[in-house]
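Take a look at the structure below.
Throughout, residue positions are numbered sequentially from 1 according to the sequence presented. Atoms considered below: every heavy atom in the structure, side chains included; atoms not considered: hydrogens, waters and symmetry mates.
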Amino acid sequence: MTLFAFASTLEFSRMFPGLVSSQSENNRVADKVIPLAVDGEVIGGAAILGVGLLEFATNLSRLLSRKDELGITSVILVGICGAYRNRGLSVGDVVRVDSEIVGDLGVQERDGSFTAWSRIGGGDIVQYKSASLEKAPRWVAELRGASGLSVNCCTGTDSLAESRALLFDCDVESMEGAACFSVCNAFDVPAFEIRAVSNLVGSRDKSSWRIPEALTALRNCIISA
């Protein structure tokens, strides 16, 4: 069974409003995976695992510790993201995120600049990667590939957006991808990530966000698979 992993109740409920979540509003993981059906056909299971790297990793680990009991054979992280400017992406695009970097793990220097933690010791920035596309469903493999930045504090200014895009050379920003890839790798479970662009990363202007449209595009991608 493929587990479709969602971070938030908002993403899940707007994409699949007919399914009643047995999970509480604080996004704690349920004891049971919710059957995910499209036109009466079950395509996998779904779980809402919590927003952010820590909550998502903790709850995904809890589920995968029972992977044999639950029949989980692969994981697809599903959600929305912001796209950095000048990366060839537009609001509404659906992408397959193939790699993730933790973007706010590090130190802020006295001049306000940021140094990634991995670079303090002279190492390379660590990338967390999806499974080989040879293991991906065809519809996932055919999506446009992108590189991702996982952060616990989303970008809210143009200057930070420009700095992060330059430092990490990533296409999109979200909050759980690195956790998903790291945990699934530890449990030897193939993992993939698909996201729809709901906004361009920069000055925080909610009036320009297109969350419903992005989630509709994401749902259409899944149900047409």
Side-chain angles (χ1 to χ4, degrees), residues 5-8 10-11 26-27 49-61 77-130 144-186 191-211 214:
F6 294 80
S8 71
L10 180 149
E11 289 165 312
N26 66 2
N27 285 337
L49 301 180
V51 173
L53 293 165
L54 180 59
E55 187 80 355
F56 191 93
T58 299
N59 288 329
L60 180 58
S61 296
L77 170 56
V78 181
I80 55 177
C81 65
Y84 291 106
R85 298 180 187 276
N86 303 315
R87 306 295 295 197
L89 292 173
S90 302
V91 172
D93 288 346
V94 178
V95 296
R96 184 193 67 246
V97 184
D98 296 325
S99 64
E100 290 275 4
I101 295 171
V102 179
D104 48 15
L105 179 64
V107 298
Q108 186 176 33
E109 306 293 354
R110 293 176 64 182
D111 63 0
S113 63
F114 173 81
T115 300
W117 184 256
S118 57
R119 287 187 171 173
I120 292 176
D124 294 328
I125 293 176
V126 177
Q127 279 193 329
Y128 300 86
K129 296 185 178 181
S130 73
R144 173 177 174 171
S147 57
L149 195 69
S150 295
V151 295
N152 275 310
C153 184
C154 293
T155 299
T157 65
D158 290 334
S159 60
L160 182 56
E162 183 177 354
S163 174
R164 281 177 166 172
L166 181 63
L167 177 60
F168 296 109
D169 190 26
C170 290
D171 300 313
V172 298
E173 176 181 294
S174 58
M175 302 180 74
E176 300 84 21
C180 182
F181 290 161
S182 179
V183 169
C184 286
N185 182 61
F192 306 95
E193 179 181 5
I194 58 172
R195 296 214 179 246
V197 178
S198 61
N199 61 282
L200 296 179
V201 180
S203 180
R204 188 173 173 82
D205 176 14
K206 289 187 177 182
S207 67
S208 66
W209 295 3
R210 297 294 181 265
I211 291 177

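- Considering only heavy atoms from C-beta on, Q127 stays 4.5 Å or farther from F168 through its side chain.
- Atom CE of M175 is separated from atom CG of N152 by 5.5 Å, given to the nearest 0.5 angstrom.
- Listed by first and then second residue, the salt bridge (Lys or Arg N to Asp or Glu O under 4.0 Å) pairs involving residues 151-164 are R164-E173 (not counting sequence neighbours).
- Within the 3.5 Å criterion, the main-chain N or O of S159 finds no donor-acceptor partner in the side chain of S163.
- Across every non-hydrogen atom of A178 and S150, the tightest pair is N-OG, 2.9 Å.
- Put simply, CG on D169 and OG on S99 are 9.5 Å apart, with the number rounded to the nearest 0.5 Å.
- Side-chain N or O atoms of E176 include none that pairs as donor or acceptor with a backbone N or O of L53 at under 3.5 Å.
- Remark: side-chain polar atoms of E11 are not paired, donor with acceptor, to backbone N or O of V78 under 3.5 angstrom.
- Closest approach of A5 and L77 over heavy atoms only: O-CD1, 3.3 Å.
- For the atom pair F114 CZ and L160 CG, the distance stands at 9.5 Å (nearest 0.5 Å).
- Within the structure, salt bridge (Lys or Arg N to Asp or Glu O under 4.0 Å) pairs that include any residue of residues 97-109 comprise R96-D98 (at least two apart or interchain).
- The shortest non-hydrogen separation linking V197 to S90 is CB-O, 3.5 Å.
- For the atom pair SG of C81 and CG of D93, the computed distance is 9.0 Å after rounding to the nearest 0.5 Å.
- Enclosure of atom CG in D124 is not indicated, since only 12 or fewer non-hydrogen atoms of other residues, nucleotides or ligands lie within 6.0 angstrom.
- Checked by atom type and distance alone, the side chain of N199 never pairs as donor or acceptor with a backbone atom of K206 at under 3.5 Å.
- Considering all non-hydrogen atoms of both residues, R195 and S174 come closest at NE-OG, 3.1 Å.
- The closest donor-acceptor contact from the side chain of S147 to the backbone of D171 lies under 3.5 Å.
- Atom CD1 of I80 sits about 6.5 Å away from atom CG of L10, to the nearest 0.5 Å.
- The shortest non-hydrogen separation linking Y128 to V102 is CE1-CG2, 3.9 Å.
- Judged by distance alone, the side chains of D205 and S203 never bring a donor and an acceptor atom under 3.5 Å apart.
- For Q108, there are no side chain to side chain donor-acceptor pair (under 3.5 Å) partners two or more places apart in sequence or in a different chain.
- Pairing each heavy atom of A196 with each of V94, the nearest pair is CB-CG2, 4.1 Å.
- Between the CG atom of N59 and the CG atom of L54 there is a distance of 9.0 Å, given to the nearest 0.5 Å.
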